[in-house]
Peer 1: 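Supplied in structure tokens, the structure appears directly below.
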Protein chains: 2
Amino acid sequence: MNKRDDLAHKAATMYYVQEQTMDAVAKEFDVSRATVSRLLKYARDTGLVRITVADAPSERNELGGRLEKNFGIHAQVVPVRGSSSPIGQMEQVSRVAASALDGMMEPGTVLGMAWGSTVTEMSRHLVPRKVPDSVVVQLNGAGNARRSGIPYTGAILNSVAEAFGSQIVHFPVPAFFDYADTKQAMWRERSIRSVLHLQSQVDVAVFGVGALNGPVPSHVYSSGYLDERDFDVLSKEGVVGDICTVLLREDGTWQDIEMNRRASGPTPVELSRVRRRLCVVSGPHRAGALLGALRARAVTDLVVDSLTAKILLDKTAAARTLQPRGHE
Amino acid sequence: MNKRDDLAHKAATMYYVQEQTMDAVAKEFDVSRATVSRLLKYARDTGLVRITVADAPSERNELGGRLEKNFGIHAQVVPVRGSSSPIGQMEQVSRVAASALDGMMEPGTVLGMAWGSTVTEMSRHLVPRKVPDSVVVQLNGAGNARRSGIPYTGAILNSVAEAFGSQIVHFPVPAFFDYADTKQAMWRERSIRSVLHLQSQVDVAVFGVGALNGPVPSHVYSSGYLDERDFDVLSKEGVVGDICTVLLREDGTWQDIEMNRRASGPTPVELSRVRRRLCVVSGPHRAGALLGALRARAVTDLVVDSLTAKILLDKTAAARTLQPRGHE
DNA sequence: CCTTGAGGTGAACGTTTGTGCAGAAGTGAT
DNA sequence: ATCACTTCTGCACAAACGTTCACCTCAAGG
């Protein structure tokens with residue numbers, strides 16, 4: 001409907017630009033103030049009204065600053081009250097991430113997206129804004145059906161693409177192959193190669209990190225792609241989590257993990273050809289995996305809750321103190 | 001001070017991006033909620049937080065649409081409750097104008113500014129935003145001292161330039177010369193010529209319209225630049241007002257008005273070389289002068305209150321009905 | 001014709017937010 | 001140290017706001 005947009009636009013102008021009260025706007029339109037409140041919410045949600053916060057002035061000596069120094073990344077630490085629920089915390093983080101991503105999109109951007117609970121939550125907080133000639137491409141193979149609260153991968157891409165008005169390119173392969181040979185075979189297929197080629201042109205990549213252990217093991221590990229034996233191997237190998245379905249250890253190594261030969265996502269090396277790599281992390285149980293991701297240089301931009309950030313920094317400080325000539 | 005910016009930035013992120021309540025933010029910082037409220041106001045005022053409303057979707061069949069059709073301009077009509085005071089109305093209009101101007105500034109823009117009560121009010125509602133390589137140049141000669149509430153012209157330019165981070169170029173001549181000869185002489189001066197040259201490169205011009213008659217005659221007419229005899233002549237000539245100190249009639253003519261040979265501002269013809277010409281008008285007594293300005297094709301973008309817009313359209317409708325082959 | 005359900009509205013209520021005021025804390029000159 | 005001055009803060013209250021709920025309207029389908 002278009003009349004609604006029109007009303008919302010006028011209401012937004014009166015309220016946000018002219019700084020009238022909702023009451024005044026309501027009288028102007030001859031509706032109730034409640035309706036105006038709803039119109040304004042609508043205007044914000046649809047991107048008719050846009051509220052942006054200037055980029056962080058490179059946070060001083062705080063957590064964020066230390067992260068930036070230690071890892072050479074741009075970090076945004078989301079303060080999180082210990083009181084609020086993990087879900088609430090994740091929502092806070094993902095809102096900030098959505099805003100950060102919004103700031104990275106410009107005409108012609110190719111956006112690479114992993115899928116996961118964090119990224120999903122982020123996609124729900126994007127405010128629509130058309131970005132001409134943008135493309136959204138899926139980075140790693142998909143889960144199949146709706147599972148553990150994560151909608152079908154396609155739906156995630158869909159909602160992101162809708163927000164930015166982008167084209168969608170899917171990546172129709174499983175998250176993990178059962179046989180490395182199959183992967184190799186698929187990688188030779190023309191249809192897959194074209195996606196891989198597009199992936200190599202990604203300007204902005206967005207992903208979370210999965211944690212192998214933790215309250216709820218990341219769905220990568222509970223979706224039937226890996227069996228008992230696999231888990232045993234992972235534990236012995238010292239794997240703590242993954243990014244884009246590529247498994248890694250806390251020290252950032254991943255190359256020699258056999259199972260990665262069956263994984264569908266880009267390795268940190270491939271990822272590092274992407275100019276901006278936005279990593280979104282919420283929850284202390286992911287600190288280890290995040291540390292691995294940072295050490296693997298997979299991240300240029302980080303959004304993380306303050307609790308996890310603190311744990312992360314403690315870990316690195318400990319590592320330095322204990323092994324000044326590190327041989328961990 | 002910088003600590004304040006920092007706090008304000010964090011508060012703004014928590015409030016506007018994470019959508020926390022002020023209470024939550026206050027607890028995080030361990031200050032009172034009132035302080036957070038003030039921090040947020042500060043963040044908005046300094047441009048740390050930016051709230052923008054999408055451009056009008058070319059207002060349908062409303063007043064704005066009719067203005068656009070009739071005069072081939074982009075018009076924005078500011079709804080104005082008959083109840084509010086003329087001062088309040090002007091504030092509403094100037095807020096919208098400030099927002100419109102903000103939308104026109106881009107790196108390298110040369111902004112030409114007239115001075116007047118409307119423009120002054122507008123300058124007070126600009127939210128700071130640095131525009132690289134922008135320049136603000138004064139379009140017409142200045143009043144000398146503080147007068148009828150209008151600060152010294154320099155102060156207006158100053159605040160605008162401060163908001164955009166622009167360079168300032170003054171135009172050190174009187175609004176009206178006493179002798180046309182003097183003007184001609186001055187126009188040969190190198191210092192003046194350089195300003196004139198810059199004026200010819202203006203990308204965006206901003207000006208109001210002055211009304212000859214009305215509750216408070218525009219300050220152009222009460223600042224001692226024109227004497228009794230001048231006024232008599234103006235009345236006989238059918239002059240209704242001015243833009244940029246160039247006098248004009250309601251039918252848009254101005255060329256043959258002798259006094260304009262002594263005026264310092266750019267004529268409509270000169271003005272029309274500027275790509276975007278933003279005219280800001282508040283108050284029904286200016287409808288006549290505005291009509292003249294529109295007919296002189298001096299305007300590409302108009303911000304006007306709804307009351308004045310209506311009068312304006314009535315005038316044009318009347319003119320058409322009465323003189324289908326117009327000889328007014 | 002009635003039924004049913006989606007989408008929208010205003011009244012009322014509880015929450016959230018802005019602001020005048022009085023006092024605290026900082027600043028700089030004497 | 002004292003004073004005069006400005007700037008900042010929290011309190012308390014009034015204003016503005018978001019949301020629930022009951023109700024209305026309209027349109028599709030029986």
Side-chain angles (χ1 to χ4, degrees), chain A residues 1-53 60 79-81 83-85 87-88 91-92 95 124-125 127-128 162, chain B residues 1-53 60 79-81 83-85 87-88 91-92 95 124-125 127-128 162:
Chain A
M1 180 185 286
N2 214 321
K3 186 171 181 185
R4 179 164 191 145
D5 277 34
D6 210 40
L7 261 190
H9 183 271
K10 279 190 195 152
T13 306
M14 279 195 247
Y15 185 79
Y16 286 108
V17 180
Q18 301 181 46
E19 306 204 352
Q20 309 255 21
T21 71
M22 292 188 182
D23 237 336
V25 178
K27 276 182 192 134
E28 180 72 27
F29 291 173
D30 222 23
V31 296
S32 78
R33 198 182 44 67
T35 301
V36 174
S37 172
R38 285 184 274 251
L39 275 178
L40 291 174
K41 187 214 277 282
Y42 172 82
R44 288 191 300 271
D45 289 348
T46 56
L48 241 139
V49 168
R50 179 153 287 274
I51 302 185
T52 48
V53 176
R60 348 221 136 283
V80 91
R81 316 224 64 238
S83 57
S84 60
S85 70
I87 293 193
E91 183 184 332
Q92 305 303 332
R95 279 186 193 277
R124 298 185 40 228
H125 295 297
V127 176
E162 183 142 337
Chain B
M1 179 185 286
N2 213 321
K3 185 171 180 185
R4 185 173 183 128
D5 277 34
D6 211 40
L7 260 190
H9 182 271
K10 280 190 197 155
T13 306
M14 279 196 249
Y15 186 79
Y16 287 108
V17 180
Q18 300 182 46
E19 305 203 353
Q20 309 256 19
T21 73
M22 292 187 182
D23 232 339
V25 180
K27 279 187 190 129
E28 179 72 27
F29 291 173
D30 222 22
V31 297
S32 78
R33 200 184 42 68
T35 300
V36 174
S37 172
R38 286 185 271 251
L39 274 178
L40 291 174
K41 188 213 277 282
Y42 171 82
R44 288 190 300 271
D45 289 347
T46 55
L48 236 123
V49 168
R50 179 153 287 274
I51 302 185
T52 48
V53 177
R60 343 222 140 285
V80 92
R81 316 224 64 237
S83 56
S84 61
S85 71
I87 292 192
E91 183 184 332
Q92 303 305 331
R95 279 185 193 276
R124 299 186 39 231
H125 295 297
V127 174
E162 182 143 339

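Side-chain atoms are counted along with the backbone in the values below, which use heavy atoms only and exclude waters and symmetry mates. Proteins get letters first, then strands, A, B, ... in listed order; numbering begins at 1 in each.
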Peer 1: side-chain contact (heavy atoms from CB on, under 4.5 Å), that's the test. Do B:V36 and B:V31 meet it? Break it down for me.
Peer 2: CA-CA 7 Å; B:V36 174; B:V31 297; 3.9 Å; yes
Peer 1: Tabulated below should be each protein N or O lying under 3.5 Å from an N or O of nucleotides 25-27 of chain C; please produce it.
Peer 2:
none

Peer 1: Once you round it to whole Å, what is the distance between C1' of D:dA16 and NZ of B:K41?
Peer 2: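 Distance, rounded to whole Å: 14 Å.
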Peer 1: Look for any protein N or O under 3.5 Å of an N or O in nucleotides 22-26 of chain D and output each such pair with its distance, or none.
Peer 2:
none

Peer 1: Check whether any side-chain nitrogen or oxygen of A:Y15 sits under 4.0 Å from OP1 or OP2 of D:dC17, and answer yes or no.
Peer 2: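 Yes, because at least one side-chain N or O of A:Y15 sits under 4.0 Å from OP1 or OP2 of D:dC17.
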Peer 1: Sequence neighbours excluded, which residues qualify as side chain to side chain donor-acceptor pair (under 3.5 Å) partners of A:S37?
Peer 2: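 For A:S37, no residue satisfies side chain to side chain donor-acceptor pair (under 3.5 Å) once neighbours in sequence are set aside.
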Peer 1: Between atom CD in A:Q20 and atom C1' in D:dA15, what is the gap in whole Å?
Peer 2: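 Going from A:Q20 (CD) to D:dA15 (C1'), I get 16 Å.
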Peer 1: Figure out the CG/C1' separation between A:L7 and C:dG7, and round it to whole Å.
Peer 2: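 The answer, rounded to whole Å, is 16 Å.
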Peer 1: What donor-acceptor contacts under 3.5 angstrom involve side-chain atoms of residues 11-18 of chain A, with partners at least two apart or in another chain?
Peer 2:
| from | atom 1 | to | atom 2 | distance (Å) |
| --- | --- | --- | --- | --- |
| A:T13 | OG1 | A:H9 | O | 2.9 |
| A:Y16 | OH | A:R44 | NH1 | 2.8 |
| A:Q18 | OE1 | A:Q20 | NE2 | 3.4 |

Peer 1: Please step through side-chain contact (heavy atoms from CB on, under 4.5 Å) for the pair B:L48 and B:D5, ending with a clear verdict.
Peer 2: CA-CA 8 Å; B:L48 236 123; B:D5 277 34; 4.2 Å; yes
Peer 1: With A:E19, which residues qualify under salt bridge (charged side-chain N to carboxylate O under 4.0 Å, His left out), at least two apart?
Peer 2: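 Result, salt bridge (charged side-chain N to carboxylate O under 4.0 Å, His left out) vs A:E19: B:R95.
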Peer 1: Could you list the residues that satisfy side chain to side chain donor-acceptor pair (under 3.5 Å) with A:T52, not counting sequence neighbours?
Peer 2: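 Partners of A:T52 by the side chain to side chain donor-acceptor pair (under 3.5 Å) criterion come out as none, since no residue qualifies.
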Peer 1: Need the bend value for the helix from C:dC1-D:dG30 to C:dT30-D:dA1: angle between end axes, 5 pairs each end, nearest 10°.
Peer 2: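 Roughly 30° between the end axes, to the nearest 10°.
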Peer 1: Under the rule for side chain to side chain donor-acceptor pair (under 3.5 Å), what residues qualify as partners of A:T46, not counting sequence neighbours?
Peer 2: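 A:T46: no side chain to side chain donor-acceptor pair (under 3.5 Å) contacts found.
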Peer 1: Could you state the atom-to-atom distance from CG of A:D45 to P of D:dG18 in whole Å?
Peer 2: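 It works out to 12 Å between those atoms.
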Peer 1: Return the residues of residues 21-40 of chain A meeting this criterion: a heavy atom under 4.0 Å from some atom of DNA chain D. Order them by number, or give none.
Peer 2: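 The answer is A:T21, A:M22, A:R33, A:A34, A:S37, A:R38.
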Peer 1: Test of understanding: with salt bridge (charged side-chain N to carboxylate O under 4.0 Å, His left out), list the residues that count as partners of A:R50, not counting sequence neighbours.
Peer 2: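 Salt bridge (charged side-chain N to carboxylate O under 4.0 Å, His left out) list for A:R50, sorted by chain: A:D102.
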Peer 1: Just to verify, what does B:D23 make a side chain to side chain contact (heavy atoms under 4.5 Å, CB included) with, not counting sequence neighbours?
Peer 2: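 Applying side chain to side chain contact (heavy atoms under 4.5 Å, CB included) to B:D23 gives B:T21, B:R33.
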Peer 1: CG/A:L7 to OH/A:Y42 distance, rounded to the nearest 0.5 angstrom?
Peer 2: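 Reported to 0.5 Å precision, the distance equals 10.5 Å.
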Peer 1: For a 4.5 angstrom cut-off between non-hydrogen side-chain atoms, does B:V49 reach B:L40?
Peer 2: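 No, side chains not in contact.
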Peer 1: Could you tell me which non-hydrogen atom of B:R38 sits nearest to which non-hydrogen atom of B:R4, and how far apart they are?
Peer 2: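 It is O-NH2, 4.2 Å.
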